[in-house]
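Worksheet for the structure shown next.
One-based numbering along the sequence shown.
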Amino acid sequence: MRLRGTHLTSRDGARDPPAPPLVFRDWPGTVCPMNKTVIEVQVRAVLPTSGGCAVFLGNNDKVFIIYVDQTVGSAITMFMREISKERPLTHDLIGHLMTALGAKVERVIINDLKNATYYARAIIRAENELQQKKIIELDARPSDCIAMATQQKAPIYVSQEVWDEVDDMKDVLRKMEEEGLKPDPETGLSEEE
């Protein structure tokens with residue numbers, strides 16, 4: 001069977017009912033086995049705050065905020081807008097190093113929320129010159145995971161437990177957009193008109 005859209009399709013072309021929510025299971029050699037239902041989200045906006053940046057993550061159902069420092073917020077925005085930089089920044093260097101080693105971010109998962117602190121895992125797929133593949137799961141800051149996923153166009157997921165716990169900020173984001181937030185051409189971040 002092959003995954004096609006949200007349906008599984010068999011070789012004879014018959015369609016199965018829509019696929020259930022995604023569940024990622026552990027792989028041999030992972031640091032922290034995961035077996036959680038996850039929801040795919042996208043970066044919806046990055047807005048400056050007095051202490052850094054607010055990254056709005058979500059989908060059509062819900063949007064929530066993760067606060068990050070200014071440098072990572074700028075990096076996420078530059079990756080979103082595909083802005084070229086004169087010199088490689090830290091996330092660029094990590095991306096170049098991963099490419100040189102035959103590795104790529106396969107996906108990231110924001111998997112926990114404790115005492116207002118988010119936790120995340122980066123799932124890296126590596127392949128050596130003999131085409132031997134390895135999956136590596138790393139504990140990482142959500143901000144770095146979001147930046148790397150945005151840079152490498154990898155999906156971002158949130159565990160069902162985190163999704164259920166966060167407040168929906170969709171109306172706040174919509175109101176801010178209606179009030180005229182626009183991107184700042186110098187930083188790529190949003191600012192008021």
Does some side-chain heavy atom of Val158 sit less than 4.5 Å from a side-chain heavy atom of Phe64?
yes
Would you check if Val38 and Gln160 make a side-chain contact, meaning some heavy-atom pair closer than 4.5 Å?
no
Just grab all the salt bridge (charged side-chain N to carboxylate O under 4.0 Å, His left out) pairs involving residues 155-172, residues at least two apart or on different chains.
Asp171-Arg174
Taking Tyr119 as the starting point, is it possible to reach Ile156 by hopping between hydrophobic residues whose side chains are less than 4.5 Å apart?
no
For Ile109 and Ser159, work out which heavy atoms get closest and say how close.
CG2-N, 4.5 Å
Please check if the number of heavy atoms outside Lys133 that lie under 6.0 Å from its NZ is greater than 12.
no
Less than 4.5 Å apart, side chain to side chain, heavy atoms only: is that true for Leu57 and Ile146?
yes
Between His91 and Met148, is any pair of side-chain heavy atoms under 4.5 Å apart?
yes
OG1 of Thr99 to CD1 of Ile94, rounded to nearest 0.5 Å, is 12.0 Å
With rounding to the nearest 0.5 angstrom, report the OH to SG distance, Tyr118 to Cys145.
14.0 Å
If you define the side chain from C-beta out and look only at heavy atoms, does anything of Val46 sit under 4.5 Å from Met80?
yes
Side-chain heavy atoms of Asp92 within contact of Lys85, under 4.5 Å
yes
Which atom pair, heavy atoms only, marks the closest approach of Ala126 to Ile136?
CB-CD1, 4.2 Å
Going through the checks in order, is the side-chain contact (heavy atoms from CB on, under 4.5 Å) test met by Leu47 and Phe56?
CA-CA 8 Å; Leu47 303 172; Phe56 288 76; 3.3 Å; yes
Apply side-chain contact (heavy atoms from CB on, under 4.5 Å) to Ile66 and Ile110, showing your working.
CA-CA 10 Å; Ile66 292 182; Ile110 299 165; 3.7 Å; yes
Can you tell me which residue pairs pass the side-chain hydrogen bond (donor to acceptor under 3.5 Å, both in side chains) test with a partner in residues 47-63, sequence neighbours excluded?
none
Cluster question for you: counting only ILVMFWY and a side-chain heavy-atom cut-off of under 4.5 Å, with indirect links fine, are Val172 and Tyr67 together?
yes
So, for Gln70 and Gly52, which heavy atoms are closest and what is the spacing to 0.1 Å?
OE1-O, 3.5 Å
Nearest-0.5 Å distance that lies between atom CD1 in Ile135 and atom CZ in Arg125
3.5 Å
Rounded at 0.5 Å granularity, tell me how far CD in Gln151 sits from NZ in Lys104.
9.0 Å
Measure the CD-CD distance between Glu179 and Glu177 for me, rounded to the nearest 0.5 Å.
11.0 Å
Interatomic distance, CD1@Ile39 vs CH2@Trp163, rounded to 0.5 Å, equals 6.5 Å
With sequence neighbours excluded, give me every salt bridge (charged side-chain N to carboxylate O under 4.0 Å, His left out) pair touching residues 68-78.
Asp69-Arg141
Do the side chains of Leu89 and Ile83 join up, straight or via other hydrophobic residues, at under 4.5 Å, putting them in one cluster?
yes
Side-chain ion pair, Lys153 and Glu82, N-O less than 4.0 Å
yes
Locate the shortest heavy-atom distance separating Val108 from Ala149; write the atom from each residue and the value.
CG2-CB, 3.8 Å
Sidechain-backbone polar pair: Gln152 side chain, Val105 backbone, donor-acceptor under 3.5 Å
yes
Closest heavy-atom pair and its distance - Ile76, Ser143
CD1-O, 4.0 Å
Kindly indicate, with the supporting measurements, whether the criterion side-chain contact (heavy atoms from CB on, under 4.5 Å) is fulfilled by Ile65 and Val55.
CA-CA 5 Å; Ile65 299 173; Val55 177; over 6 Å; no
